[in-house]
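Working notes, beginning with the structure itself.
Lettering of chains follows the sequences in order, A, B, ..., and the numbering in each one begins at 1. Given the structure is predicted, the values throughout are model-derived calculations rather than measurements.
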Amino acid sequence: MRNAIFRKDKFWKRQDMDAPVTTIAELGKYEGQDVMIRGWLYNLRESGKLLFPIFRDGSGLVQGVLFQKNVAPEVFDAVKHLTQESSVKVTGKVRADKRAPGGYELDVAAVEIVQRVPDNDPYPITPKEHGVDFLMEHRHLWVRSQRQASILRVRSEIEKAMHDFFDERGFIRTDPPILTPAACEGTSTLFPVEYFEEQAYLTQSGQLYIEATAMALGKVYSFGPTFRAEKSKTRRHLTEFWMVEPEVAFAELDDIMKLAEDFITFIVMRVLARRRSDLETIGRDISKLEKIDTPFPRISYDEAVKMLQEGHAKGELENRFEWGGDLGSPDETYISSKFDRPVMIHRYPTEVKAFYMEPDPENPKVALCVDVLAPEGYGEVIGGSQRMGSYEKLLARIHEHDLPEEAFKWYLDLRKFGGVPHAGFGMGIERAVAWICGLEHVRETIAFPRTLNRMYP
RNA sequence: UCCUCAGUAGCUCAAUGGCAGAGCAUCCGGCUGUUAACCGGAGGGUUGUAGGUUCGAGUCCUACCUGAGGAGCCA
């Protein structure tokens, strides 16, 4: 009712005509001028004849000011009873004020309510604290909060940086299939899907396919969603996550280790350059990111085992680590805690790694592979390797791992028709975003996370 | 799959085995510079579900459900 009456008011229409539309982030360019911003009511404080509505528009926050005697009674009344997250078009004069967050205020002259949140069914996410379960249930609204919006901006910047990095180096993006006939690595649990009369699976990695496109185009990369049906319930796991995977013909292990450290450093520098204010909103300790630079320390698996055993002897690790196993989460945290930049651990035992990895010619018990561990306990963000080159050895591996030979016929062909040494790696975007933003949990790094117990919203 | 913890108002949480409460949110009133504003008032409950012990259960016991984060596995 209030809304309907107000929409017909001539006052705001007249103001509206000459006020340019802008965003909150750009308000500084319009100091002293009338502008219109379009957004949502973030919060409202009042003090008698004085109102302080805070608006957000996706680019930032601005505080509006209304003195009762200075504005039309309909405008004052409309703002006074405006509900949180109602959508609005606001017209007013931009004024610099030290008391305002962001440095600028808007002297509100007119407000058009686009859609009013009902009084009896208010916006559920208040400026007060909420629990994880409640926020996840309202993820479609939670993304409007400043912190979540900043995280999504950083994620976008990381993805953009990633594309720029590979493009500048002559990589071609090739998109692998998401529906696949069989396991890529034969280890992880896959999501089965009905494919007409056949069984198919959602991809757990595009790697095998981009090995093929690398033989066509030389340097390629892929970026897309991957799926793991593992029943993992930790802050580092999603069932659906996005992975970027470069693959390079004629590259060996050392080449992709260099590529990996350049890649990570490039991304961190880009985020620091372009999304610093978002990192500040998130509360990230930026000095930790500023230390990231090449070269990253390179530690062989053998050396890592030695570190872990010494750590156990000093009482810093609960369990004694024995040569031959894969590093557990506490082991990775321990090793990465000794450095202030990402650590590269290379040459793991062949037995704990995927079937397609090339054994080290100097010690066939270990594979030419590398894991990159992010600092501050964020764990593995990159896994890569040099791929097995020999047709015969690869075929033997496929048999050893009980994989269906028929399904890998095309993959074996790559070793038959002009096989070359080649290598690549995969980086989980969510873990990289979590580390760069300093988040507790990867579920905040993607707009709509898919976890073991959650498909909604 | 295993281990641990938690489910009470829309939200965040209290309540020794003895009357189910507070703050925030919502609505009403007050306040001309507020910063998660503040002050006063009102409405708001199948204490996750099903059993059991007890004169009496939000509280103790059993099972189940849901969620959380740790292991394993992985990026």
Decide ring-ring contact (aromatic ring centres under 6.0 Å, His included) for Phe166(A) and Phe263(A); before the verdict, give the C-alpha distance in whole Å, the side-chain angles of both, and the deciding distance to 0.1 Å.
CA-CA 9 Å; Phe166(A) 287 121; Phe263(A) 178 62; 5.0 Å; yes
Derivation of the ring-ring contact (aromatic ring centres under 6.0 Å, His included) call for Tyr221(A) and His163(A):
CA-CA 9 Å; Tyr221(A) 76 105; His163(A) 290 304; 5.8 Å; yes
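Salt bridge status for Lys338(A) with Glu316(A): present, with a side-chain N to carboxylate O gap under 4.0 Å. Ion pairing of Lys314(A) with Glu310(A) is absent here, as no side-chain N (NZ or NE/NH1/NH2) approaches a carboxylate O to less than 4.0 Å. Ion pairing between Asp167(A) and Lys160(A) fails under the 4.0 Å rule for side-chain N and carboxylate O.
When the nucleotides G33(B), G69(B), C73(B) are ranked by their closest atom to the side chain of His237(A), C73(B) comes out on top. Comparing atom distances between the Arg45(A) side chain and each of U34(B), A71(B), G69(B) picks out U34(B) as nearest. Comparing atom distances between the Asp119(A) side chain and each of A68(B), C27(B), C73(B) picks out C27(B) as nearest. Picking from G67(B), C28(B), U34(B) the nucleotide with the shortest atom distance to the side chain of His81(A) gives C28(B). Listed candidates were U32(B), C27(B), G69(B). Nearest to the side chain of Leu50(A) is U32(B). For Pro122(A), taking side-chain heavy atoms from C-beta onward, the closest of the listed nucleotides A25(B), A68(B), C74(B) is A25(B).
Below the 3.5 angstrom threshold, one finds no donor paired with an acceptor across the side chain of Ser329(A) and the base of G72(B). With hydrogens and angles ignored, a donor-acceptor pair under 3.5 angstrom links the side chain of Gln63(A) to the base of U34(B).
Comparing the C1' positions of G58(B) and G48(B) gives an interatomic distance of 12 Å, to the nearest angstrom. Only the C1' atoms considered, U26(B) is 36 Å distant from C64(B), to the nearest whole Å. With both ends at atom P, the span from G72(B) to A63(B) equals 28 Å, rounded to whole Å. Between the C1' atoms of A57(B) and U46(B), the separation comes to 15 Å (whole Å). Of the C1' atoms belonging to G56(B) and U49(B), the separation is 22 Å, rounded to the nearest Å. For the C1' atom pair drawn from U47(B) and C74(B), the interatomic distance equals 40 Å after rounding to whole Å. To the nearest whole angstrom, the two P atoms, one in C24(B) and one in A20(B), are 24 Å apart. G21(B) and G44(B) are spaced 13 Å apart, taking the C1' atom of each and rounding to whole Å.
Pairing each heavy atom of Met357(A) with each of Arg397(A), the nearest pair is O-NH1, 3.8 Å.
Within a 6.0 Å radius of CD in Glu318(A), no more than 12 heavy atoms belonging to other residues, nucleotides or ligands are found.
Looking at which nucleotide of RNA chain B each of Pro330(A) and Phe67(A) is closest to, the 5′-most match is held by Phe67(A). When each of Asp331(A) and Asn453(A) is assigned the nucleotide of RNA chain B bearing its nearest heavy atom, the one mapping closer to the 5' terminus is Asn453(A).
Across the protein-nucleic acid pair, Asn43(A) atom CG and C24(B) atom C1' stand 12 Å apart, rounded to whole Å. Rounded to an integer number of Å, the gap from OH of Tyr378(A) to C1' of A75(B) is 15 Å. Rounded to whole Å, atom C1' of A25(B) lies 9 Å from atom CD of Gln84(A). If you take NZ of Lys233(A) and C1' of C2(B), they are 11 Å apart, rounded to a whole angstrom.
Contacts of Asp371(A) with the nucleic acid, taken as non-hydrogen atoms under 4.0 Å apart, are absent. Using a 4.0 Å heavy-atom cutoff across all strands shown, Glu46(A) reaches at least one base atom of the nucleic acid. Asp326(A) comes within 4.0 angstrom of the backbone, heavy atoms only, and of no base.
In RNA chain B, consecutive stretches of 3 or more Watson-Crick or G-U wobble pairs with both distances under 3.5 Å are given as paired ranges: B:1-7 with B:65-71, B:10-13 with B:21-24, B:26-30 with B:38-42, B:48-52 with B:60-64.
The side chain to side chain donor-acceptor pair (under 3.5 Å) search around Ser86(A) returns Thr83(A), not counting sequence neighbours.
Taking 4.5 Å as the limit, some side-chain heavy atom of Leu61(A) sits within range of a side-chain heavy atom of Arg56(A). His237(A) is listed as a side-chain neighbour of Arg431(A), based on a closest heavy-atom distance under 4.5 Å.
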Polar atom pairs (N or O), protein with nucleotides 11-15 of chain B, under 3.5 Å:
from	atom 1	to	atom 2	distance (Å)
C11(B)	O2'	Glu129(A)	O	3.3
C11(B)	O2'	His130(A)	ND1	2.6
U12(B)	OP1	Gly131(A)	N	2.8

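Side chains of Glu245(A) and Ser205(A): a donor on one and an acceptor on the other come within 3.5 Å.
Taking a centre distance below 5.5 Å and an interplanar angle below 30 degrees as the stacking criterion, Phe241(A) stacks against the six-membered base ring of A75(B).
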